[in-house]
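Lettering follows sequence order; numbering is per chain, from 1.
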Protein chains: 2
Amino acid sequence: MIKTGLFENIAEVSDEARNAFIGYLEEIEAEKGYKLENAGEVSNYLFYIAQGSARSFYIRDNRDITVSFSLEGEFVTAMHSFITRSPSYETIETLEKSLLYRISYENLQRCFQEFQDLERVYRIILEKYYIALEEQMIFSKFKSAKERYLELMEKKPKIIQRASVGHIASFLDMTIETLSRVRSKI
Amino acid sequence: MIKTGLFENIAEVSDEARNAFIGYLEEIEAEKGYKLENAGEVSNYLFYIAQGSARSFYIRDNRDITVSFSLEGEFVTAMHSFITRSPSYETIETLEKSLLYRISYENLQRCFQEFQDLERVYRIILEKYYIALEEQMIFSKFKSAKERYLELMEKKPKIIQRASVGHIASFLDMTIETLSRVRSKI
DNA sequence: CTGAGAATTTGATTTTTATCAAGGTAGGGT
DNA sequence: ACCCTACCTTGATAAAAATCAAATTCTCAG
């Protein structure tokens, strides 16, 4: 059952807590381009991607800049907005037809009040996401345009298939032209 | 009292939980250059900087690359190592004489087992650090060398005073020479 | 106070990447 | 199938930053 995939690899959660959490989940069958969050609005949901993929992006100076890609088995939300309850600068959209589960901010807080297990699971997930972000940041400090692309190919090959050159280029901090040249010389 | 500064701005913690936590803290008076963590070793402590400052860096290809600066009132540890219990790639050292408090990994976990309050506080701190890291990452995507320097000056002016040009340059992802030229043209 | 070594600045040159400008290609809608 | 529009590639040039190489300034141990 897919919903329980959320808990894979995560330490012992009581059946009670698990069922409470699952009870709050809403299933969403999203087409390609479905907006999970919109810039300017407060992010009200934490999403889990059961199938599919998504990207988060900013619009600035009329440019669309991708800041992250999320794949199956990952959680995604506009973190800053979700946590601070202030309007989001970022928009999140699916890259393909996707199956999502979402829980609202209020219900998530309710879960934390009721079940320490769930707060712990969330804390551990947050830790993992934190160190993933740290690694991404550090790796980008050490690498050239070509190396960044090769690393992406190795670590998240699925993105190369799903996302457009423009999305990948802005994510890797280079122009579309540079990415195109990098790809042609592999 | 300085120790309680740790809890500033953080939601309700019971006296009991607070006292348990404080009971585990060790005070450390560190000279400039004191190593909080060493590359190659497992990070065993979460540090709180009561006074002073620190920097985290990696050595790669014989180059010393600063990945973050931490100031008074902030927590710092080699997150990846602390969380995964595997050897750290990063070293953390004080930039000046500093007053630190530290809690061991084991005792922190003990606190979480005993007091849900503390796990919540930790979770909220982690959220704040996560979004700070996200912001840092996003901002670096939009800015030139000069703009990155100006932003650092504005947001963390203390670092400009305390850290060397080499530390600042690698943190801002530019060479020492580029930083020197940027500074001369302000 | 002094000198050696380290850190920083300045200058010349090269490399990398962005920008500007055409062309080419692929896929969806009629 | 065919056009239209988006997207992608390629080429020429410009800009930004890195690298290499001195020269200068700072620091602190003796």
Side-chain angles (χ1 to χ4, degrees), chain A residues 31-35 53 55 57-67 69 91 93-97 137-153 157-186, chain B residues 31-34 53 55 57-66 69 93-97 137-153 157 159-186:
Chain A
E31 291 305 312
K32 175 175 175 174
Y34 173 84
K35 300 283 189 290
S53 53
R55 81 176 178 108
F57 61 99
Y58 282 59
I59 302 290
R60 189 134 143 194
D61 305 332
N62 273 324
R63 293 151 64 109
D64 166 329
I65 300 197
T66 298
V67 294
F69 292 106
T91 300
E93 65 176 19
T94 52
L95 286 172
E96 60 191 304
K97 195 169 186 299
M137 188 145 193
I138 289 157
F139 120 87
S140 70
K141 279 188 188 281
F142 288 100
K143 311 243 169 167
S144 67
K146 182 171 183 176
E147 290 170 319
R148 294 200 298 281
Y149 180 71
L150 291 175
E151 174 126 354
L152 180 65
M153 261 184 56
K158 195 182 159 184
I159 289 169
I160 312 285
Q161 260 82 59
R162 302 292 158 78
S164 72
V165 172
H167 299 157
I168 296 170
S170 67
F171 177 68
L172 293 176
D173 247 331
M174 62 184 85
T175 59
I176 289 173
E177 293 94 330
T178 298
L179 177 55
S180 182
R181 284 184 249 267
V182 161
R183 295 176 96 153
S184 69
K185 282 173 202 147
I186 290 179
Chain B
E31 291 305 310
K32 176 177 174 171
Y34 173 84
S53 53
R55 80 176 180 110
F57 62 99
Y58 282 59
I59 302 289
R60 191 133 144 194
D61 306 333
N62 274 323
R63 294 150 64 110
D64 167 328
I65 301 197
T66 299
F69 291 107
E93 65 176 19
T94 53
L95 286 171
E96 61 190 305
K97 195 170 187 299
M137 188 144 192
I138 289 157
F139 121 86
S140 71
K141 278 188 189 279
F142 288 99
K143 310 245 170 164
S144 68
K146 183 170 182 177
E147 290 170 319
R148 293 200 298 281
Y149 180 71
L150 291 175
E151 174 126 354
L152 180 65
M153 262 183 56
I159 288 170
I160 311 286
Q161 261 80 61
R162 301 293 157 77
S164 72
V165 172
H167 299 157
I168 296 169
S170 67
F171 176 67
L172 293 176
D173 248 330
M174 62 184 85
T175 60
I176 289 173
E177 293 93 328
T178 298
L179 177 55
S180 182
R181 283 184 248 268
V182 162
R183 295 176 95 153
S184 70
K185 281 173 203 146
I186 292 179

Over how many whole Å does the gap from A:K143 atom NZ to D:dA18 atom P extend? 18 Å
Rounded to whole angstroms, how far apart are CE on B:M174 and P on C:dT17? 16 Å
With B:S180 via side chain to side chain contact (heavy atoms under 4.5 Å, CB included) - residues at least two apart: none
With sequence neighbours excluded, what pairs up with A:D64 under the side-chain hydrogen bond (donor to acceptor under 3.5 Å, both in side chains) test? A:R55
Nearest-Å distance, NZ (B:K141) to C1' (C:dA18)? 16 Å
Set of side chain to side chain contact (heavy atoms under 4.5 Å, CB included) partners for B:I65, sequence neighbours left out: A:K141, A:F142, B:R63, B:S170
A:K35 vs A:T91, test: side-chain contact (heavy atoms from CB on, under 4.5 Å). Steps then yes/no. CA-CA 7 Å; A:K35 300 283 189 290; A:T91 300; 3.5 Å; yes
To the nearest 0.5 Å, how far apart are CE in A:M153 and CD in A:Q161? 9.0 Å
How bent is the helix from C:dC1-D:dG30 to C:dA22-D:dT9, measuring the angle between the end axes built from five pairs each, rounded to 10°? 40°
Rounded interatomic separation in angstrom, taking CG from A:D173 and C1' from C:dA18: 12 Å
Restricting to side-chain hydrogen bond (donor to acceptor under 3.5 Å, both in side chains), what partner residues turn up for A:R162, sequence neighbours left out? A:E96
Should A:K97 and A:E31 count as side-chain neighbours, where that means a heavy-atom distance under 4.5 Å? yes
Tell me if D:dA6 is syn or anti. Syn = glycosidic torsion within 90° of 0, anti otherwise. syn
Return the set of residues passing side chain to side chain contact (heavy atoms under 4.5 Å, CB included) with A:I159 (not counting sequence neighbours), or none when no residue passes. A:F69, A:L71, A:L152, A:K156, A:A163, A:I168
Applying side chain to side chain contact (heavy atoms under 4.5 Å, CB included) to B:S164 and not counting sequence neighbours gives B:H167
With sequence neighbours excluded, tell me which residues meet side-chain hydrogen bond (donor to acceptor under 3.5 Å, both in side chains) with B:E147. B:S144
Here the distance between atom P of D:dA18 and atom CG of B:L172, to the nearest Å, is 11 Å
Quick one: list whatever passes side-chain hydrogen bond (donor to acceptor under 3.5 Å, both in side chains) with A:S140, sequence neighbours left out. none
Pairwise N/O distances under 3.5 Å, protein to nucleotides 22-27 of chain C:
none

Output the distance between atom NZ (B:K146) and atom CD (B:E151), rounded to the nearest 0.5 Å. 14.5 Å
Value for NZ (B:K143) from OH (B:Y149), rounded to nearest 0.5 Å, stands at 15.0 Å
Assign a letter to each nucleotide of nucleotides 5-11 of chain C from its 5' end: B, base within under 4.0 Å of a protein heavy atom; S, sugar-phosphate only; -, no contact. ---SBBB
Can you measure A:I168 atom CD1 to D:dC7 atom P for me and round it to whole angstrom units? 13 Å
Protein-nucleic acid N or O pairs under 3.5 Å, nucleotides 25-28 of chain D:
none

